[in-house]
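To keep things clear, I will list the structure first and then write my remarks on it.
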Amino acid sequence: MSEAKWYVVHTYSGYENKVKANIEKTIENRHLEDQILEVRVPMEEVVEMKNGSKKQVSKKLFPGYVLLHMVMNDDTWYVVRNTRGVTGFVGPGSKPVPLKQSELKALGSEEEQKVVMDLDVGDSIIVTGGAWKDTEGVISAVNQAKQMVTIQVELFGRATPVEISFSEIKKIG
C-alpha cells in the first residue's frame, strides 16, 4: 500500500465545510478510514473591528480549498472527485499533485516532531546542522517550549549567545 500524502481539492467558495462533512460521511459509509486519514479546512483566528468593537472570528485561510491527507488510488480519487461541491484536485489537468514538505510547513499543517532531550545548563554539545555546524559549545539556557538551547560562541573575540534547535545538536559525553 502506498504512503498517505496531503492533497488540495478545489471547491465552490463557501462550500468548504459542506464538502468536508460530505467526504467524512462517505469515508464512514465506505469504510475508507485507512485510506482517507484527514480532511481539513484551514482556519485562522483574526480580530475584526465592527461598530467600534473588536471581535475575534475564525476565517478560512484558503477560501475555496480543502486539504486531504490520503492514500491516492482509484477508489479514493473517485470518492473525492465525485463529492458534491468539489470541482477537482489541484494540479495540472486536475491530476492530483501531493504537497511538498516545505509547502506543508508553510501552511502550518506539518505535524512537527517534538524532540525530547535531557539537557541542562552547563552541558557540552556539538552542532550537527545549520550555520553553526561542527561548533562546540556549552549550554547557557534551555527552552523546552521552543525546542531551543542557547550556547556561547566566540565571534570577533567575544562570547556571543546563539540559539540552536534541538534537532541540530548532539550532546557530548
Side-chain angles (χ1 to χ4, degrees), residues 1-117 128-132 141-150 162-169:
M1 187 162 101
S2 34
E3 181 184 336
K5 295 186 175 155
W6 284 96
Y7 295 90
V8 181
V9 173
H10 190 263
T11 68
Y12 296 123
S13 192
Y15 280 74
E16 302 87 353
N17 291 329
K18 189 134 186 82
V19 165
K20 178 181 190 247
N22 288 343
I23 291 173
E24 287 173 343
K25 186 164 263 339
T26 305
I27 291 168
E28 193 179 313
N29 293 340
R30 293 190 179 206
H31 304 291
L32 295 171
E33 293 90 350
D34 59 333
Q35 293 178 45
I36 302 176
L37 308 173
E38 189 176 351
V39 184
R40 266 195 207 168
V41 178
M43 305 290 271
E44 68 177 337
E45 294 293 319
V46 292
V47 176
E48 284 185 346
M49 288 289 287
K50 280 198 176 174
N51 302 328
S53 64
K54 290 182 182 178
K55 190 177 181 183
Q56 183 120 4
V57 294
S58 290
K59 285 208 168 198
K60 292 179 183 86
L61 210 52
F62 306 107
Y65 296 95
V66 174
L67 298 177
L68 289 162
H69 192 210
M70 62 186 264
V71 175
M72 183 59 69
N73 60 37
D74 291 341
D75 292 338
T76 57
W77 182 89
Y78 182 84
V79 163
V80 173
R81 187 66 186 88
N82 291 297
T83 299
R84 181 174 294 201
V86 171
T87 59
F89 280 93
V90 172
S94 285
K95 179 185 179 292
V97 176
L99 292 173
K100 296 180 189 132
Q101 206 62 25
S102 58
E103 294 168 326
L104 280 173
K105 198 168 187 174
L107 293 174
S109 289
E110 180 184 43
E111 310 299 323
E112 285 190 38
Q113 298 289 329
K114 287 281 186 191
V115 179
V116 178
M117 293 186 87
T128 58
W132 297 99
V142 179
N143 185 334
Q144 291 286 349
K146 284 175 61 181
Q147 301 264 298
M148 303 284 263
V149 294
T150 303
V162 175
E163 277 195 334
I164 310 282
S165 168
F166 281 8
S167 62
E168 293 182 342
I169 63 171

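For the numbers below, each heavy atom of this structure counts, side chains included, while hydrogens, waters and symmetry mates do not.
- A distance of 11.0 Å separates CZ in R30 from OG1 in T76, rounded to the nearest 0.5 Å.
- Between the side chain of E16 and the backbone N or O of G64 there is at least one donor-acceptor pair closer than 3.5 Å.
- Here the side chains of V39 and V66 are in contact, with some heavy-atom distance below 4.5 Å.
- When all heavy atoms of V80 and M70 are compared, the pair lying nearest together is CG2-SD, 4.2 Å.
- Judged purely by atom type and a 3.5 angstrom limit, Q35 has no side-chain atom pairing as donor or acceptor with the backbone of L32.
- The main-chain N or O of T87 is found under 3.5 Å from a side-chain atom of R81 such that the two form a donor-acceptor pair.
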(request) Give the C-alpha distance, both sets of side-chain angles, the deciding distance and a yes or no for side-chain contact (heavy atoms from CB on, under 4.5 Å) between V90 and V97. (result) CA-CA 7 Å; V90 172; V97 176; over 6 Å; no
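- Distance check, rounded to the nearest 0.5 Å: NZ of K20 to CG of L67 gives 11.0 Å.
- Take N17 and apply the side chain to side chain contact (heavy atoms under 4.5 Å, CB included) test, not counting sequence neighbours, and it matches V41, K60.
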(request) Check the pair W6 / R40 against side-chain contact (heavy atoms from CB on, under 4.5 Å), numbers first and verdict last. (result) CA-CA 10 Å; W6 284 96; R40 266 195 207 168; 3.9 Å; yes
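- Within the 3.5 Å criterion, the main-chain N or O of E168 finds a donor-acceptor partner in the side chain of T128.
- Shown here for Y7 and P98, the closest heavy-atom pair between the two residues is CE2-N, 3.5 Å.
- In this structure, CD1 on I36 lies 8.5 Å from CE on M72, to the nearest 0.5 angstrom.
- Crowding of N82 atom CG: a count of heavy atoms from other residues, nucleotides or ligands under 6.0 Å exceeding 12.
- Between F89 and H10, the ring center distance fails the sub-6.0 Å criterion.
- At least one side-chain heavy atom of F166 sits under 4.5 Å from a side-chain heavy atom of V142.
- For R84, the side chain to side chain contact (heavy atoms under 4.5 Å, CB included) test picks out N22, with sequence neighbours left out.
- In this structure, the separation between OH on Y78 and OG1 on T83 is 10.0 Å, given to the nearest 0.5 Å.
- Taken from CD in Q101 to NZ in K5, the straight-line distance is 10.5 Å, to the nearest 0.5 Å.
- One finds the CG atom of L68 at 9.5 Å from the CD atom of E38 (value rounded to the nearest 0.5 Å).
- At distances below 3.5 Å, not a single donor-acceptor pair connects side-chain atoms of E28 with backbone N or O atoms of T26.
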(request) Go through the steps to decide whether Q56 and K54 satisfy the test side-chain contact (heavy atoms from CB on, under 4.5 Å), and finish with yes or no. (result) CA-CA 7 Å; Q56 183 120 4; K54 290 182 182 178; over 6 Å; no
(message) Go through it in stages, so that I can follow the logic: the residues are D75 and V79, the test is side-chain contact (heavy atoms from CB on, under 4.5 Å), and I'd like the CA-CA distance, side-chain angles, deciding distance and then a yes or no.
(response) CA-CA 6 Å; D75 292 338; V79 163; 5.5 Å; no
